[in-house]
Amino acid sequence: MKKLAFISLCIILCLQMTACGGPGQAAKQKEEAMALLGNELTSGELVIDGTKYSFPSVISEWTGSGWHISNRYDNADTFELEYNIESNEFELFSDTKDSAYVSMCAINLGMEPLKIEQSTTSYLEVRLSEGKDALYVVLPGGIAPGSKKEDVIAAYGEPESEEDDYLYYTYTNEDGLDIIIGIGTIGEKIDRVVYKLADSNWGSVANAEECAQFIDDALKASFYGDYASYVEKKFDTEDGAKELYESEVEYYSQGLMYYLGIDYETVSDEIAEGFRDLSKDILAKAKWDTPVVDLPDGATYGGVEISMYPTDFLDIILEDAQAVADSGVEGDEYAQGMLDAITPKVGEISYREPVTGNYNINLDDGVLSADDWNEIDDILMDFAE
């Protein structure tokens with residue numbers, strides 16, 4: 001009878017160990033996670049329930065790995081972020097563990113509006129809990145639920161700062177982005193980890209002189225492809241600045257083809273590239289005076305006056321363009337004829353009377369509005385009506 005009771009007790013203990021996972025299960029999860037991770041916190045990597053994630057990353061990498069967007073961004077199919085705009089904080093919930101979630105913010109680092117799922121993580125907060133139904137999180141160097149403050153310091157060294165029960169580490173990743181990692185504690189145990197893109201990733205404008213320089217640098221990047229200063233001051237990454245310039249070239253190229261009666265959606269790739277090359281030469285002729293900024297010391301609202309000189313290119317090509325139009329050719333032959341006829345005219349470009357634009361400045365919202373930037377583009381390109 002005693003033997004039977006002993007066997008029953010063993011069965012109960014085994015069932016309890018299985019239900020709870022037990023220390024053996026946690027050790028196995030940690031070992032498997034460490035096979036996916038290195039020891040450097042600066043990798044930006046972590047493992048959650050056996051899957052490796054990185055910061056920053058496109059949010060679709062999460063939603064494609066067992067997570068779904070909650071609360072106000074549940075309308076992810078329609079909501080879009082504008083360029084360089086950061087979302088409010090939201091949650092991603094686990095598809096497999098009820099009530100398990102991570103907190104996030106998203107940022108659009110591309111030029112075109114993006115849905116939340118296509119945007120990049122700018123903030124990530126993950127709890128490290130020993131609870132039975134909690135996410136099992138492992139950081140580089142084996143930091144996991146149950147790890148202590150002394151374990152973090154042994155793995156990563158002394159923090160650069162310590163504040164409000166967080167140990168803070170910073171680094172610059174391979175893409176040139178400054179990252180802040182905060183590891184939170186309750187008592188001596190690790191409680192959570194927070195990743196965020198540092199404010200230093202974006203240039204700041206604090207006074208009238210800096211505002212004028214920013215606008216001038218943005219125009220040089222857009223029209224000349226001269227983005228060294230723009231990138232150095234961290235108003236954009238080099239890739240982003242290149243994309244800005246290429247988008248301006250594409251905008252002018254398509255506008256020019258439309259003006260000439262060419263269908264830019266069906267024209268051959270070779271001819272389209274020819275118009276892009278021509279557009280670069282025309283945009284290089286853009287001219288404006290140094291912006292004059294009215295921004296009182298310490299203010300975030302003000303105004304700017306910009307004198308711009310539209311080119312006369314669209315006028316000086318009229319006669320030659322009309323000759324091609326009257327020739328009766330069509331399709332790519334027509335498009336190539338137009339390209340050949342107007343290209344030599346670039347050397348004859350001069351300027352119309354200057355146009356003075358006055359615009360509002362808001363340092364808290366991109367300095368100038370998107371509508372104002374578009375108006376400036378159209379004036380300099382002579383597209384303005």
Side-chain angles (χ1 to χ4, degrees), residues 81-88 105 107-113 122-123 176-178 180 196-245 247-248 251-252 283-311 351-385:
L81 285 174
E82 297 295 326
Y83 167 63
N84 231 16
I85 298 298
E86 186 177 31
S87 74
N88 295 321
C105 291
I107 190 168
N108 177 6
L109 298 178
M111 295 302 299
E112 298 298 324
S122 60
Y123 173 87
L177 292 171
D178 296 335
I180 298 173
K196 59 182 177 180
L197 296 180
D199 290 340
S200 58
N201 288 302
W202 293 274
S204 61
V205 173
N207 55 49
E209 182 180 357
E210 290 178 355
C211 188
Q213 185 66 56
F214 163 72
I215 294 170
D216 195 56
D217 284 346
L219 290 173
K220 287 178 179 177
S222 299
F223 283 84
Y224 304 158
D226 177 7
Y227 43 75
S229 178
Y230 194 63
V231 171
E232 181 183 355
K233 293 181 174 67
K234 292 194 172 183
F235 294 121
D236 208 338
T237 63
E238 185 168 333
D239 286 344
K242 287 179 180 178
E243 189 175 347
L244 173 64
Y245 175 57
S247 69
E248 293 286 89
Y251 177 65
Y252 187 86
L283 293 183
K285 300 286 188 177
K287 188 170 74 169
W288 60 89
D289 291 338
T290 300
V292 178
V293 175
D294 178 16
L295 184 68
D297 290 343
T300 58
Y301 296 94
V304 59
E305 179 180 286
I306 310 174
S307 293
M308 297 164 279
Y309 300 82
T311 67
Y351 301 94
R352 300 178 181 278
E353 290 297 314
V355 176
T356 299
N358 291 280
Y359 306 101
N360 293 324
I361 289 174
N362 181 354
L363 300 189
D364 294 330
D365 190 22
V367 182
L368 294 179
S369 71
D371 287 343
D372 288 343
W373 282 120
N374 290 337
E375 180 180 304
I376 291 169
D377 282 352
D378 284 347
I379 291 172
L380 289 169
M381 294 177 183
D382 197 28
F383 285 167
E385 296 181 357

Open item on the list: Return the CD to OG1 distance between E243 and T237, rounded to the nearest 0.5 Å.
Closed with: 8.5 Å
Open item on the list: Please evaluate residues M381 and L283 with respect to the criterion side chain to side chain contact (heavy atoms under 4.5 Å, CB included), reporting the C-alpha separation (whole Å), side-chain torsions for both, the decisive distance (0.1 Å), and the verdict.
Closed with: CA-CA 7 Å; M381 294 177 183; L283 293 183; 4.0 Å; yes
TODO: Mind running side chain to side chain contact (heavy atoms under 4.5 Å, CB included) on I376 and L368 for me, showing each step along the way?
DONE: CA-CA 10 Å; I376 291 169; L368 294 179; 4.0 Å; yes
Open item on the list: According to side-chain hydrogen bond (donor to acceptor under 3.5 Å, both in side chains), who are the partners of Y245, at least two apart in sequence or on a separate chain?
Closed with: none
Task: Atom pair OH (Y224) and NZ (K285), whose distance is rounded to the nearest 0.5 Å - done: 10.5 Å
Open item on the list: Is it the case that the side chain of Y351 and the backbone of M308 share a donor-acceptor pair, with hydrogens and angles ignored and the cut-off at 3.5 Å?
Closed with: no
Task: Stepwise side chain to side chain contact (heavy atoms under 4.5 Å, CB included) test for N201 and L177 - done: CA-CA 6 Å; N201 288 302; L177 292 171; 3.7 Å; yes
Give the table of side-chain donor-acceptor pairs shorter than 3.5 Å for residues 287-306, with sequence neighbours excluded, one pair per line with atom names and distance.
unit_1 : atom_1 : unit_2 : atom_2 : d
W288   : NE1    : D216   : OD1    : 2.7
D289   : OD1    : Y309   : OH     : 3.4
D289   : OD2    : Y309   : OH     : 2.9

- [ ] With rounding to the nearest 0.5 Å, note down the distance linking CG in L197 to OG in S122.
- [x] 5.5 Å
For a quick test of your reading: what N or O donor-acceptor pairs under 3.5 Å do the side chains of residues 357-364 make, sequence neighbours left out?
unit_1 : atom_1 : unit_2 : atom_2 : d
Y359   : OH     : E375   : OE2    : 2.9
N362   : OD1    : D364   : N      : 3.0

- [ ] Working to the nearest 0.5 Å, report the span between CG of L81 and SG of C105.
- [x] 10.0 Å
Task: Identified side-chain hydrogen bond (donor to acceptor under 3.5 Å, both in side chains) counterpart of Y251 within the set N374, D377, D378 - done: D378
- [ ] Taking all heavy atoms of A241 and all of V231, pick out the closest pair and write down the distance.
- [x] CB-CG2, 3.8 Å
Task: Parallel, tilted or perpendicular, as decided by the 30° and 60° cut-offs, for the rings of W373 and F214 - done: perpendicular
- [ ] Could you tell me if the ring centre of Y227 sits under 6.0 Å from that of F235?
- [x] no
Open item on the list: As an exercise, state the distance from CD1 of I215 to CG of D372, rounded to the nearest 0.5 Å.
Closed with: 9.5 Å
Task: K196 atom NZ, over 12 foreign heavy atoms within 6.0 Å - done: no
Open item on the list: Working to the nearest 0.5 angstrom, can you tell me the gap between D236 CG and K242 NZ?
Closed with: 12.0 Å
Task: Where K234 and S200 come nearest, the two heavy atoms and their spacing - done: CD-O, 2.9 Å
TODO: Take E248 and L380, measure what side chain to side chain contact (heavy atoms under 4.5 Å, CB included) needs, and give me the verdict at the end.
DONE: CA-CA 11 Å; E248 293 286 89; L380 289 169; over 6 Å; no
